[in-house]
Amino acid sequence: MRKFLAITVTDLLQTFSLKKYAIALAIILTTCFINYYSGFRFWLKGEPFLFSLAWYITLFFSFLFAGILIETGTLVFKKRTLHFILLTAPLLFALKVTIPFKNLLPDAISHLYKQAFQQPAAWLGGVVFISLSLLFIHRLTEGKWSLYGIKRTGSLRPYFFLIVLMIPLLAWASLQKDFSLVYPKAKAIAESAGNNAGPLHYFLFEAAYASDFITIELFFRGFLIAVLGKLLGRQCILPIALFYFSIHLGKPMFEAISSFFGGMILGTISYHTKSIWGGWLVHVSIALLMELFGYLLRTA
């Protein structure tokens, strides 16, 4: 575990540049100020599909492009694969966010349950959509029917260590006012189905929530780390972390800001291990702990 942590810390220090990180943090803090302290919101609600799709493509492209510009210092990218990533990655994740997978819920279930499980339907739909898309891209670019980053990881001990380190921060975050507005996400079941909801409904909701992190890890720590890593080396980590930050703008501010640093750490780990599973374990454990803290806060 010491070797694992030493490699991660060393890699982060070797890629550290005060100027680059200062620019990245300036972008993050400016974005957060606009998003959380003005009337403008980067994360949309209830907008038409085509408008939302165009907006998210622009949003995701802007952060990914800004990160690559910070790292490379040039607006001219000669590698066609880099052009492909700049166009494809924002489009894929924008589609994941905007496709109305909730419309696939069967008509046989009651209106209350259909309302409660709209978000789980989106999570599960995202898993299928992103997995199939990346499978096709892998076949197109490398001639293999496989997914990026699905190789078996090594020891899980370092990942459990990271989870333990996060618990005090999660406990603190759970006491913040904006946290209770978002977590637990499973409160959607109680708000829609009320006393008709049972333990099975909550289990299915949380299982669907956990599956969404397979999508996240496959996309960010599998696909993007693998492809951009070949083009930029370790310089791929900051652009991916900025992109990763941008998808958290609909969540509490502390979570959004910390997602950048989490993206840097998990990106560095995945860059070396070529595996998403340790990152998925950390990610889903943190998410479910936030659900737990949110539930305890509501019932305290």
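Here the CG atom belonging to Leu25 is positioned 10.5 Å from the CD1 atom belonging to Ile23, to the nearest 0.5 angstrom. Interatomic distance, CZ of Phe213 versus NE2 of His283, reported as 4.5 Å (0.5 Å rounding). In this structure, SG in Cys236 is found 11.0 Å from CG in Leu82, a value given to the nearest 0.5 Å.
A salt bridge links Glu71 with Lys20: at least one charged nitrogen is closer than 4.0 Å to a carboxylate oxygen.
A donor-acceptor contact shorter than 3.5 Å links the side chain of Ser275 to the backbone of Lys151. With hydrogens and angles ignored, the 3.5 Å screen pairs a side-chain donor or acceptor of Tyr56 with a backbone N or O of Leu44. With hydrogens and angles ignored, the 3.5 Å screen pairs a side-chain donor or acceptor of Lys274 with a backbone N or O of Tyr271. Between the Arg41 side chain and the Asn35 main chain, a donor and an acceptor come within less than 3.5 Å of each other. With Thr30 contributing its side chain and Ile27 its backbone, the two residues share no donor-acceptor pair below 3.5 Å. A donor-acceptor pair under 3.5 Å links the side-chain atoms of Ser174 to the main chain of Ala171, judged by distance alone. Side chain of Trp145 to main chain of Leu135: no donor-acceptor pair is present (N/O by atom type, distance under 3.5 Å, no hydrogens or angles).
Side chains of Ser258 and Leu169 form no contact here, defined as non-hydrogen atoms less than 4.5 Å apart. Looking at heavy atoms from C-beta onward, Lys185 lies in side-chain contact with Glu291 at the 4.5 angstrom threshold. Side-chain atoms of Phe203 and Pro199, non-hydrogen and from C-beta on, never get closer than 4.5 Å to each other. Val227 is not listed as a side-chain neighbour of Ile137, based on a closest heavy-atom distance of 4.5 Å or more. Contact of the Val284 side chain with the Tyr209 side chain is not registered, since no non-hydrogen atoms from C-beta on lie closer than 4.5 Å.
Hydrophobic clustering (side-chain heavy atoms under 4.5 Å, transitive across Ile, Leu, Val, Met, Phe, Trp, Tyr) groups Leu242 together with Leu69. Side-chain heavy atoms closer than 4.5 Å link hydrophobic residues (I, L, V, M, F, W, Y) into clusters, and following such links, possibly through other members, connects Phe220 to Ile286.
Residues Ile276 and Glu217 come closest through the heavy atom pair CG2-O, 3.5 Å.
No option in Phe245, Phe42, Phe260 other than Phe245 meets the ring pair (Phe, Tyr, Trp, His ring centres under 6.0 Å) test with Phe63.
A distance below 6.0 Å separates the ring centres of Trp172 and Phe254. Phe293 and Tyr183 have their aromatic ring centers separated by at least 6.0 angstrom. Note: Phe205 and Trp123 meet the aromatic proximity criterion, with ring centroids under 6.0 Å apart.
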>> Before you tell me yes or no, could you show the steps for Leu238 and Gln235 under side chain to side chain contact (heavy atoms under 4.5 Å, CB included), namely the whole-Å CA-CA distance, both residues' side-chain angles and the distance that decides it to 0.1 Å?
In response: CA-CA 7 Å; Leu238 186 145; Gln235 287 183 304; over 6 Å; no
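Ring geometry for Tyr148 against His138 counts as perpendicular: the plane angle is over 60°, on a 0 to 90° scale with 30° as the lower cut.
Residues forming a side-chain contact (heavy atoms from CB on, under 4.5 Å) with Leu281 (at least two apart in sequence, or on another chain): Leu156, Tyr159, Phe160, Ile163, Ser285.
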Hey, can you pull the donor-acceptor pairs under 3.5 Å for the side chains in residues 87-105, sequence neighbours left out?
{"unit_1": "Thr88", "atom_1": "OG1", "unit_2": "Phe84", "atom_2": "O", "d": "2.7"}
{"unit_1": "Lys96", "atom_1": "NZ", "unit_2": "Asp212", "atom_2": "OD1", "d": "2.9"}
{"unit_1": "Thr98", "atom_1": "OG1", "unit_2": "Ala94", "atom_2": "O", "d": "2.7"}

